[in-house]
Amino acid sequence: MRQILSGHGASRGSVLGRALVRLPHVLEVAEEHIDDVELELSRLHAAIDIVRAEMRALRARLHGALAHEVGEFLDLHALLLDDPELLQGLDDLIRNGRYSADYALRLQRDRIAGVFNSMDDAYLRSRIDDIDQVIGRIHAALHRRAADLQGVAGEILVTDNIAPADMLQLQAQGVLAVITAGGSALSHSAILARSLHLPLVVGAVQALQRINDGDVLAVDGSSGLVVVEPSARDLRGHRLRLRDQARERRQLNQLRREPSRTLDGTDIKLWANAESREDVAEAHALGAAGVGLYRTEFLFLRGTQTQRNALPDEDEQFRAYRDVVLGMTGRTVTIRTLDVGADKADQTGLALSNEPNPALGLRGVRLSLARAGLFETQLRAIVRASGYGPVRVLVPMISSREEVLAVRTLLKRVARDLRSEGHEIADSIPFGVMIEVPAAAIALPGFIGAVDFLSIGTNDLVQYLLAIDRNNEALAELYTPLHPAVLRLLQSVIRAAGARNTPIAVCGEMAGDPLFVPLLLALGLTEFSLHPATLLEVRRAIRSADLAELRNRAPALLRARDRAAIEQWLAAQATA
Ligand code: PEP
Ligand code: MG
């Protein structure tokens, strides 16, 4: 039956395909008893065999750059699937407790989770995610019809939520799109989905109740609309959308070699936020000024899927950073130091997993400064990469002058050490900090003299200024940069940087949305850092903007007292 579900578009792309429903990690299965033990055992083992075959098929399909990393994941899951304790425990529950296979899975999961949760080691505790994924797969297999047992390539995954590392796996598996009941368009998973060009709809709250395995879905990753069992009219709409998107792409492609210049002749610097080799290649091809934000945490997430102590060492990091630098052929690459913590904590085992308030916890530079060895290793790798082309170092989650000075001192020492060890490194490695904690924005005059450049992380700045969790779907409507406090703070930071001639960019998602271009230009911004996926659209918006006019209208923007007034201002620019 045709139904429409509406979520939030988190990564663009229109897709038509069949649903594959994955139940939430924690199984909501009621206690259930069975009479026929042998039948239940054979049901369970058939499901386990299916999952084994599915994993083998996935493994065989992997290719390209992600094959190695994602392969490790699958190998770990395959090992768990053969774990005698896990299997024996399930059999015992069915045989002795006469539980249904579903309930046995749940009991076994909770039992293992209990053991993991009591461990002191944060890394081992985080391994419960793998158990959950394996048990979740078996549970899904118990309920799938024969025709659906081909794995997930070419299907649309419907689930409760997705961890950033899972996005990589899904893309490598050939999943067409992802729909989550929870999640937010600003989460790191969403950022990664955009980077992987994997259409994503988040916050489709009814998705798990209303979508069944095998349903045909028409997904629009822009509007967030999901049509279940689309009608002839929906199919036509889908086809038209694909056609419009193709036309739009052709038009935008004509801007590939054009400058990002306003109507009145000011060149705006467009940097790229690049995480993968593909991003770097795309950034280069689209004429990005350089990489304005390379989030190194994704390297750490990838490096630690299977083993403890598998954090990327200096050489491994150095090679990754060097390759980005080489990929940009002489254009500057801004490498951000590690920002694990909050929702990026899942796989590394570095962040504390039991923090009551992880977004306010040991994340970003706080974690780096607390783990001096780890930080020094990373800085050494970054500085070594500067021997291959221009590199800037960017530090996340700065909230005080003390942190700025501590990192700057360490960076200088690292450069000195490397030189004396005979490494060829750049004469100068500009040092910058993220302005994403309101305290840093307000205290900026106190440390601006100690940095070479600044980058405003609006994703976190909005979160911390408005006290609205960027990942909380229930607050998605409230989470917006269109708030007078955000605009005023942005303007004061941009102005403080301008007064000292300190280069400043915005690298949060806001910079990648063409709608916000007039607003950011009016506030005085001349550098944007954004994912290459929307670089041409932002370039187009810049090319149709009159900078002098916008700056004249800035006072009216800053007088806006609420969101409606800001939206009105934006709407007026669109028609001006
Ligand atoms: C930001 O906060 O705007 C930002 C770019 O950093 P991240 O999204 O990685 O937290
Ligand atoms: Mg941030």
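In listed order, ligands and their atoms are each counted from 1. The structure displayed is predicted, hence computed values, not measured ones.
- Residue contact check: Arg470 has heavy atoms under 4.0 Å from atoms 2 (O), 7 (P), 8 (O), 10 (O) of ligand 1.
- At most 12 heavy atoms of other shown residues, nucleotides or ligands fall within 6.0 angstrom of atom CZ in Arg401.
- Under 4.0 Å is where a charged nitrogen must lie from a carboxylate oxygen, and between Arg408 and Asp452 no such pair does.
- Heavy atoms of other residues, nucleotides or ligands lying less than 6.0 angstrom from CZ of Arg256 number more than 12.
- The shortest N/O to N/O separation between Glu509 and ligand 1 does not fall below 3.5 Å.
- Looking only at N/O/S atoms, Glu436 comes nearest to the Mg ion (ligand 2) through OE1.
- The atom name of the N/O/S atom in Asp460 closest to the Mg ion (ligand 2) is OD2.
- Not close to ligand 1: Met510, with no non-hydrogen atom less than 4.0 angstrom away.
- Close approach to Arg295 involves these atoms of ligand 1, each under 4.0 Å from a residue heavy atom: 4 (C), 5 (C), 6 (O), 7 (P), 8 (O), 9 (O).
- Within the 4.0 Å heavy-atom shell around ligand 1 one does not find Glu275.
- Contact between Gln463 and ligand 1 is absent, with no heavy atom of the residue lying under 4.0 Å from the ligand.
- To the nearest 0.5 Å, atom CG of residue Asp313 and atom OG1 of residue Thr377 are 8.5 Å apart.
- For the pair Glu537 and Arg12, the salt-bridge criterion is met [side-chain N within less than 4.0 Å of a carboxylate O].
- Not counting sequence neighbours, the partners of Tyr388 by the ring-ring contact (aromatic ring centres under 6.0 Å, His included) test are Phe318.
- Checking Asp339 against the Mg ion (ligand 2), every N/O/S atom stays at or beyond the 2.8 Å cut-off.
- For ligand 1, the atoms sitting less than 4.0 Å from at least one non-hydrogen atom of Met434 are 4 (C), 5 (C), 6 (O), numbered in the order shown with element in parentheses.
- Numbered from 1 in the order shown, with element, the atoms of ligand 1 that lie under 4.0 Å from a heavy atom of Arg363 read 10 (O).
- Heavy atoms only, all atoms of each residue included: Leu176 and Pro199 are closest at O-CD, 3.2 Å.
- Proximity to Gly457 (heavy-atom distance under 4.0 Å) selects the following atoms of ligand 1: 1 (C), 2 (O), 3 (O).
- Close approach of ligand 1 to Arg336 (heavy-atom distance below 4.0 Å) involves ligand atoms 4 (C), 6 (O), 7 (P), 9 (O).
- Sorted by first and then second residue, the side chain to side chain donor-acceptor pair (under 3.5 Å) pairs involving residues 497-515 (not counting sequence neighbours) are Arg194-Glu509.
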**Prompt:** Should Thr337 and Val393 be marked as a side chain to side chain contact (heavy atoms under 4.5 Å, CB included) after you check the CA-CA gap, both sets of side-chain angles, and the distance that decides it?
**Reply:** CA-CA 7 Å; Thr337 59; Val393 175; 4.0 Å; yes

